[in-house]
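To start, the structure under review is shown below, and the notes come after it.
Here is how names work: the chains are called A, B, and so on, in the same order as the sequence lines, proteins then strands, and each is numbered from 1.
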Amino acid sequence: MRRRGCAPIPPMYHVILEAACRGGGFRCAVRVLQDLRARGCALDVGNCNLVLNAVYDQVSVEEALRLLPDLLPSFGCEPDVVSYNAVLKGLCMAKRWGRVQDLMEEMVTVGCPPNIVTFNTLIGYLCQNGLFERVHEVLAQMAEHGCTPDIRMYATILDGICKEGHLEVAHEILNRMPSYGFMPNVVCYNTVLKGLCSAERCEEAEELLAEMFDKDCPLDDVTVNILVDFFCQNGLVYRVIELLEQMLEHGCIPDVITYTTVINGFCKEGLIDEAVMLLKIINFLCKKGLVEQAIELLKQMLLNGCSPDLISYSTVIDGLGKAGKTDEALELLNVIVNKGMSPNTIIYSSIASALSREGRISRVIQMFDNIQDATIRSDAVLYNAVISSLCKRGETDRAIEFLAYMVSSGCMPNESTYTILIRGLASEGFVKEAQEMLIELCSKGALRKHLMKHFGIV
DNA sequence: GTAGGGTTAG
């Protein structure tokens with residue numbers, strides 16, 4: 001770019017840095033920052049903050065605290081409120097509340113006072129830890145800073161209160177919000193709705209849903225997810241169908257996402273036949289009805305321009321696989337292909353898992369060999385599904401054989417591949433081998449060191 | 001292009 005007289009600007013570095021964070025974490029991203037700087041690139045604080053937010057994978061809180069005075073200036077950047085908020089988040093995660101207060105005082109001193117994000121982050125973590133008295137203190141502190149709550153902060157607090165089980169309090173806050181100048185939005189309602197559903201407080205959940213309709217708060221995909229899961233878990237499948245009807249009555253047009261959620265709810269409940277049937281109805285393939293209501297409703301959905309997308313098929317295929325109906329899953333895969341749709345990695349890995357659970361590895365290989373799309377063929381997730389299933393069957397030896405096939409097919413193992421294999425080895429009693437493999441991979445940088453703790457080996 | 005809220009097709 002420079003040779004052509006065109007200077008790169010900080011937003012362009014974002015792409016590189018994001019990839020570095022994702023691929024190699026904080027330490028890798030810092031090396032990239034250093035390299036860019038060495039090449040004379042002018043970095044800005046946004047570049048540094050992007051990296052700073054990846055810090056907690058690899059760095060202790062103490063080290064992170066030193067980054068603000070040391071690291072950022074070394075790249076020619078002064079920490080800003082986003083930088084401080086990143087470190088503050090780490091302190092909250094480590095429950096170092098005293099240090100959080102110190103840091104917030106420092107923020108004032110250096111002319112970078114806490115903002116709404118700072119307070120919301122802190123309040124979120126305090127709620128998570130049940131420290132509601134501290135929340136009151138922080139709210140008072142916030143007022144001193146001339147910072148007023150926003151709707152997101154209400155959602156944070158509602159979530160914290162619900163998770164602590166104080167559902168009446170949450171509901172009360174929801175009711176009072178308008179008097180504070182905030183109409184609860186769908187996120188606030190969803191938060192409380194989720195709380196009520198988790199506590200199996202059916203009637204109140206229904207009342208809140210009615211209130212949402214009443215107040216013309218449009219349900220979104222999250223609402224439908226929460227409710228469908230809840231209805232299915234409580235054997236209220238008919239309520240799922242009614243919900244779709246209610247939505248139509250109130251002018252909410254169920255979209256493909258809603259429809260997918262419903263199918264997924266059925267699948268999760270083991271109602272695979274119902275899920276498949278829903279799909280077939282939409283495809284005009286089904287001659288017989290499930291429930292009269294359902295058919296009528298699904299016709300309406302169809303009239304609304306709703307036809308199954310890849311995710312709908314994916315959901316059913318996964319459900320079929322998990323129900324042991326692998327050959328039906330394979331049939332449905334054919335349906336997709338014949339319709340001219342391109343199955344993706346998720347679909348193939350669902351089927352691969354199902355086949356592997358039955359030990360049908362040669363069928364898996366046959367399927368993999370027939371996949372034309374190079375991006376899918378080189379996706380480790382696909383192979384990991386097989387390796388994982390084999391390990392769960394106690395066939396780690398076959399899993400290792402399959403690893404060889406994976407590599408020979410041109411797909412590099414990723415961190416998950418090794419994680420699965422190490423677990424497999426350990427669970428079959430090869431603890432020493434698992435340990436050696438873990439240490440070797442960590443030393444080669446193929447596995448992040450913090451994962452070692454998860455295995456309880458180091 | 002960088003930080004804060006509810007959930008999710010592998």
Generate the contact string for nucleotides 2-8 of chain B. Rules: B means base contact, S means sugar-phosphate contact only, - means no protein heavy atom under 4.0 Å. BBBBBBS

Describe the nucleic acid contact of Ser353(A) in one word from base, sugar-phosphate, nothing, applying a heavy-atom distance below 4.0 Å. nothing

Does Glu62(A) CD have over 12 foreign heavy atoms under 6.0 Å away? yes

Report the residues that fulfil side-chain hydrogen bond (donor to acceptor under 3.5 Å, both in side chains) with Tyr189(A), sequence neighbours left out, ordered by chain and then residue number. Glu211(A)

Check side-chain hydrogen bond (donor to acceptor under 3.5 Å, both in side chains) between Asp150(A) and all other residues, then give those that pass, not counting sequence neighbours. none

Side-chain donor-acceptor pair under 3.5 Å between Thr156(A) and Asp159(A), yes or no? no

Verify whether one side chain among Asn384(A) and Ser416(A) offers a donor that lies under 3.5 Å from an acceptor in the other. no

